[in-house]
Every structure is written in structure tokens, then in C-alpha cells.
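Everything on this sheet refers to the single structure shown next.
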2 protein chains.
Amino acid sequence: MSPALTSETIEMYLKSICELETIESPVAISQLAQRQSVSSPAVIEMVKRLAAKELVTHTPYKGVALTVTGKKRAHNVLRRHRLWERFLVDVLNLPWENVHDCACRLEHATAPAVTESLAALLQHPVRCPHGNPIPDADGNLPDDEKLPLAALEIGQSATLVSVGYEETILLDYLSRRGFFPGVTLTVEDIAPYQGPLMVLIEGREQPCALGREIAGRVFVTMDSGEG
Amino acid sequence: MSPALTSETIEMYLKSICELETIESPVAISQLAQRQSVSSPAVIEMVKRLAAKELVTHTPYKGVALTVTGKKRAHNVLRRHRLWERFLVDVLNLPWENVHDCACRLEHATAPAVTESLAALLQHPVRCPHGNPIPDADGNLPDDEKLPLAALEIGQSATLVSVGYEETILLDYLSRRGFFPGVTLTVEDIAPYQGPLMVLIEGREQPCALGREIAGRVFVTMDSGEG
DNA sequence: ATATAAAATTAAGTTACCCTAATTTTAGTC
DNA sequence: GACTAAAATTAGGGTAACTTAATTTTATAT
């Protein structure tokens, strides 16, 4: 015998592909490479292995997409990830902006029985602390009606529902400026395009730079505005 | 750059060496190979890598021993392992005999902040569900005064404190026969050596085969007898 | 003291997963 | 439609972690 494709590696890639698919599909090799912090050839190689297992389809020079099986597996990882995040915040009282990295490690080390007991302990939460929906035990992920921040105009208010792009550096940046799910924002000004998108929050002095500078796109999604 | 010795692999080996050291020191390569379910050459190679990192010392043809640094790291793994076991049993209500495997995976994916928050949540438990002591945050592991089951004679009673050799198949075997930490046993008969060591528990009909058939040695340890 | 079984080690080879450098394909511009 | 920059891919190479087979060392029995 010989070493096999590790379950952890498979899950890491599937999860990234799943998250990137919500932005554009099929997912570009370069996007995956950036997300995984590896070279493009490494991604190509890995994608071929995943395709051999029928977890993804690879259209050369076009990109990668999850198969039905792959998507189910990815949703399962997301479920574990987001349940752990809830646990870390609600039960262990760890700070909102730090739990993502911890969950990224725990999610691959979690047996099904642990996942479901955890869900029961937390009373089957619907969203992670960053506002993203938690897939159910069958791998169903409810499709959010998302309104990106950029869709708001000056004077409009909205409630922040989720931060779709979870990355510690970004979450830290947001938490320092008062951006949490549940917060109501009013757009007071929008900076021109050459810089990052600027948004002013009610009662705050400093403008907040959001989105473009970090993820290359707007990532904060909201409920439909209320003013 | 190139792949590095993974933290998980290091910890798995250190933990095994630490556990085996309590039985015999230095630890034989073959014992490690059996425990890790890999070949002897694989262990040799790994031990050389660990020795290069000054986590173990290897005396050729004799065996392996932990350095001070290695032991500290091993105790840290044991701490995480046993805290997770307590969590899985006490908070998630998973069965006593199944949590070992779950903890074996979680222990390598646990950040220090998670470990300590977990300890606080559990109110800093002293023993894991199998009765083994939990090292403190500094890596200090209290040395149990162990009395092996084989030291008892016919008619003697004792309280089972810990099952030193944690393996799901053994724990399942024991739980089916009523062996848990805290149980008081009376040795009613001891079978001859050619078979496994036999022990009768108070009020039970069936003899229980313990020790030799599974681990090759007696592994159930007790408090000092009380009659 | 020598023969021998068992354990330890070395030798040679495999796959997973990563890299850099070179090449090919695509997409967009003039 | 040819030119070009960027993305994708192939080529070639490396280490970690494993394997089996062959060899060496140790322990043991006669």
C-alpha cells in the first residue's frame, strides 16, 4: 500500500471551491491557488485527483466545479465549520473575530457523532457567528437572498446579516469598526472607485474602507434595507 | 521550500512514546510500530526526524526516549486529548467507550486558547473519563500510584481507578462487562496463566478475561485494596 | 563459544503534495 | 488578423511518510 489522498486535503479544497462558486462558476484555478496559498500547478494536480474521485469536474482552461457528491461533502464541511464557530463563541466565549481559524482546524477532525451532538447542544443553530447559514445534516444549504453592500445608495439603511468572506484579518478589521451581524448601518457617503469602497456608519467619525481592498470585491451582504 | 514534518505526525509519535514509556523505557521500535500501525522502517525514519528536532533520543538497537522538550510536548497532547474526552462525555453525552477515537483526532486540531477555554468550561477536571490524570497547562503530569490488577489476590477488593491502555476495542470490551472507573471489584478467582487473566466481579455470574489477551500485559490499575 | 531467532537497520521504491521554470492556451487590443 | 499579457498547463524536481526485501545486530539457547 501507499499514502492516499488525505481526507483533510480533499475537504479543504472542496470547501474553498464551494465558497468560491458562490462568486463565480466555474472556479478559476488562480482563485483556488490564492485561497489555498499554493501555486497553480499544485492546484491543477490536486484538481485532477479530485476529478478522478468524481468530486469535481475540470474544464481545461475554464475552471473547476463541484459535482453533486462534491457539493454534498463540501456542505458537510461547512456544517462542521459553522457549528464549531457557534460553539467557540457561544460556549467557550472566544472572540468573534478569532474563531474562524480554530474552526478551520477542528472541522476536519470531527466525527459525525460529534457533529450531531454538537448541533443538539447548540440547539440546532441556523447561522454561524458571522451570519452565514449552517447546512443541515443532509447537506442542504438554504440560499440566502443577499443584497451586497454596494447595492445600497447614500441615505439607505440596512441590517448587516452576514460576512460572507471569513478571514481572520478581515473579521478583525470589521470588529474593530463595529461591523457585526445584526448591526444596522446607514450609508452616509460613498468614496469614488479608485480607492476602496468607503462607508460611513451612523454616529461614527471615521469612514470605513470595506471590501475591495481585501477581497477584491464587495463581500458584506445585508437584509433588504429599511429606510 | 518543501513540505515540513507535520505537527500532527510529530504529536502522534510523541504521545505514543510517552504512553509506552510508562511501561518500559526506552521504548522499543517494534512497540511503536505496532502502536502506530506502521512498519519498523517507517518508525526508524520518523524517530530520526524527531531526534534531529531534539524531541527524542534514539539509542541504536536499544530504543527511544523522550527529551525534556519532547515530554512537555507529549503532555500537552495528552492534556488536549483528555480534556476533549471529558467534554465529549460530560457535555456531548457520547458513550464512554467511543470518545477515545474522537479525541485522537481533535487533539491535533486544538489551538491553545481553545484548550484553556475548554478546561475552564469543564472546571479544570483532574482525570479523563477513563480515569487517567490530565496534565496541567504547564505540562506537569501527576504520577499515579498504580496498583496493577495482577497485584490483587483472591478475596481482595479494590476500586478501579483508571484504564491505562485506551483503545476503543478494549474500552468497549470493558464497558460491556461493567468495568468503569469508580467500580469496586472483588477478586474471586484467578485463572491459570496459560489463558488470559480471569477476574470475577461482585455479584456477576460470568468471569471476565482481562489483560493478557488484549494488551499482552495487565493494564487495569486500582487504588490500594480495602479488604 | 557458536548457532539461531528476533529485532533493528539499511536499501530501494512508492505516492501525496508541494515548488520553480518553461510552455501552451486564452482573451483582449490595435 | 496578428500581437501581447495573463492564465493555465506541462516538465522536472524535492521532501514527508510510507512500503517490502535484504542485511546487520542483539539476545538466547545449546
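Worth saying up front: this structure is predicted, and the values here are computed from it rather than measured. Below, chains carry the letters A, B, ... as their sequence lines are ordered, and counting in each starts from 1.
The shortest distance between the side-chain N/O atoms of A:K48 and the OP1/OP2 oxygens of D:dT10 is below 4.0 Å. Distances shorter than 4.0 Å separate some side-chain N or O of B:S39 from OP1 or OP2 on D:dT19.
Side chain of A:E45, nearest nucleotide from C:dA8, C:dC18, D:dA21: C:dC18.
Using a 4.0 Å cut-off on heavy atoms, none of the residues of residues 8-15 of chain A approach DNA chain D. Within residues 51-63 of chain B, the residues that have a heavy atom under 4.0 Å from DNA chain D are, in order of number, B:Y61, B:K62. Only B:A28, B:I29, B:S30, listed by number, bring a heavy atom of residues 28-38 of chain B to less than 4.0 angstrom from any atom of DNA chain C.
A pairwise comparison of heavy atoms in B:P181 and B:G131 identifies CG-N, 3.9 Å as the closest pair.
For A:E97, there are no salt bridge (charged side-chain N to carboxylate O under 4.0 Å, His left out) partners two or more places apart in sequence or in a different chain. Among residues two or more places apart in sequence or in another chain, the salt bridge (charged side-chain N to carboxylate O under 4.0 Å, His left out) test is passed with B:D90 by B:R86.
Applying the side-chain hydrogen bond (donor to acceptor under 3.5 Å, both in side chains) test to every pair with at least one member in residues 98-115 of chain B, sequence neighbours left out, gives these pairs: B:E11-B:H108, B:K15-B:E107, B:H81-B:H100, B:H81-B:E107, B:W84-B:T110, B:E85-B:H100, B:H100-B:E166, B:D101-B:T168.
A donor-acceptor contact closer than 3.5 angstrom is absent between the side chains of B:E54 and B:T67.
In this structure, A:L5 places its CG atom 16 Å from P of D:dA17, rounding to the nearest Å.
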